[in-house]
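Single-structure report; data block below.
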Amino acid sequence: MNGGENTRSPTPNHTIRPERRGPAGGHDRIEGVNARTSQLSDIAAAAGTPCYVYDAGAIRAAYATLDAAFGGYPHAIHYALKANSTLSVVRLLHGLGSHADANSLGEVDVALRCGFGPDQVVFTGVGKSAAEIDRAVSLGLLAINVESPGELDRIDQRAIAQGVRARVALRVNPDIDAKSHPHISTGLKSNKFGVPIDEAPALFREMSSRRGLHPVGAHVHIGSQITTLDPLSKAAAAVVALARDLRGEGVELQHLDMGGGLGISYDGSPVVDPAEYVRALVAATRGSGLKVAIEPGRVLVGPAGVLLSTVVDVKQFPGAKRFIVLDAGMTELMRPALYNAYHRIEPLIRRRGDDVPVDIVGPICESTDAFARDRNFPPVEVGDVIVVRDVGAYGAVMGHTYLRRPLPPEVLIDGDNWRIIRRRQTLDELLALETE
Ligand SMILES: Cc1ncc(COP(=O)(O)O)c(C=O)c1O
């Protein structure tokens, strides 16, 4: 870990000082995160590295784009907390009018703590424990997204025992290829998620007949980091057709939850325009008159975050690769090791000199601990700060403490101010659960 203050209160606001360009000229702006070189240098010095930095303005703008594209059509944007559930980020989205999508009971509780009412929370999870079902039912959430006939039974029983009717939505699996990374595709028959869409009408009839269940919606989520509109449109059309058939049978739903999944451009290649995506969902649903719910995560917070890291070593031997070793690795950012994910990486202040191919690696004793391989990169020296872009989603949330590495701090920039919204974990905190 490089410098920084580990134990300061997380709340004080720091004001950004005027721009100062680096010796060889820094960036004016880091795209996505609307911060200047000097601002990020200040943050790296004060909070230490590795350190996540988010831009509140970028999150607001992404939310506003989605919201506006509904054009008055009845909708709810349920921010998927799994992308980034740091309290200040969740509170920010709550303040914008978002609703919440939780994928665990922990996330349900974070949502409630950040101000969401139970009637604004949908709860999804492929394997809900008895305790999770009990609590979800007792909270009276907007919808528990049901994943199987067995789970339907268990929710019904717990609701009857509590003397309530649980609002449920059936998660259907439409057998549509999201054409994303196989590890984040969820809408194929071979995936563990939801019930085959052909089985859905019978299960809706079953739910309608149960004393403890109130079927309010249909839910579909076919994967994440989806970069073409076609699979998302097809999934939407499939649940709209299902709702139409159900209506014919007298089962009237209240909402269609189209899930999340919209991708962002990590490498500059084209992706679906978020407004076009929303318009496609509205076009598919309008005839039904049903409310549309979506569960976006990545598109709201992904581009709004960077990871600041410091070069701790540069090494090259004759005839061998050149390695840039950072103080951040797979413990702070799992995505490259987990999905071979690409992130743009650049020095905060560019030194003069030509780019050369390098491997940009972390300090963890695992060969998969690399952020980039054979990437053309400008010259750097030990102590230089490096910016890893588009890490606002599935970054800090997936952080872990392998090698007894404490979790890094997170900073939120808002206008001219920034503040630490999670301070760096201390080793004592990391060990606090253990006995000697
Ligand atoms: C059920 C559910 N909803 C929403 C999301 C959010 O997806 P994304 O961040 O790709 O928008 C996920 C993530 O895969 C999910 O599993």
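Numbers here simply count residues along the sequence, with the first being 1. Atoms within a ligand are numbered from 1 in the order they appear, just like the ligands themselves.
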Give a yes-or-no answer on whether the side chains of D67 and H75 include a donor-acceptor pair shorter than 3.5 Å.
-> yes
Which of the atoms in ligand 1, numbered in the order shown and given with their element, are less than 4.0 Å from a heavy-atom of [X]?
X: G297; result: 8 (P), 9 (O), 11 (O)
X: R298; result: 8 (P), 9 (O), 11 (O)
X: A80; result: 4 (C), 5 (C), 6 (C)
X: N103; result: 1 (C), 16 (O)
X: P296; result: 11 (O)
X: G260; result: 4 (C), 11 (O)

I'd like to know if [X] pairs up with [Y] as an ion pair, taking the criterion as any Lys NZ or Arg NE/NH1/NH2 lying under 4.0 Å from an Asp or Glu carboxylate oxygen.
X: K82; Y: E107; result: no
X: R167; Y: D119; result: no
X: E206; Y: R210; result: yes

Do any nitrogen or oxygen atoms of [X] come within less than 3.5 Å of a nitrogen or oxygen of ligand 1?
X: G259; result: no
X: G261; result: yes
X: R171; result: no
X: Y394; result: yes

Report the part of [X] in contact with ligand 1, treating N, CA, C, O as backbone and CB onward as side chain, heavy atoms under 4.0 Å; options are side chain, backbone, both, neither.
X: D101; answer: side chain
X: V299; answer: neither
X: E295; answer: both
X: S224; answer: both

Only one of T124, I144, V146 passes side-chain contact (heavy atoms from CB on, under 4.5 Å) with R171; say which it is.
-> T124
Over-ring placement of R135 relative to F123, 6.0 Å and 45° cut-offs | no
Partner set under side chain to side chain contact (heavy atoms under 4.5 Å, CB included) for Q120, not counting sequence neighbours = H94, H99, F116
Residues in salt bridge (charged side-chain N to carboxylate O under 4.0 Å, His left out) with E410, at least two apart?
-> R422
From D134 CG over to K128 NZ, what is the distance, rounded to the nearest 0.5 angstrom?
-> 14.0 Å
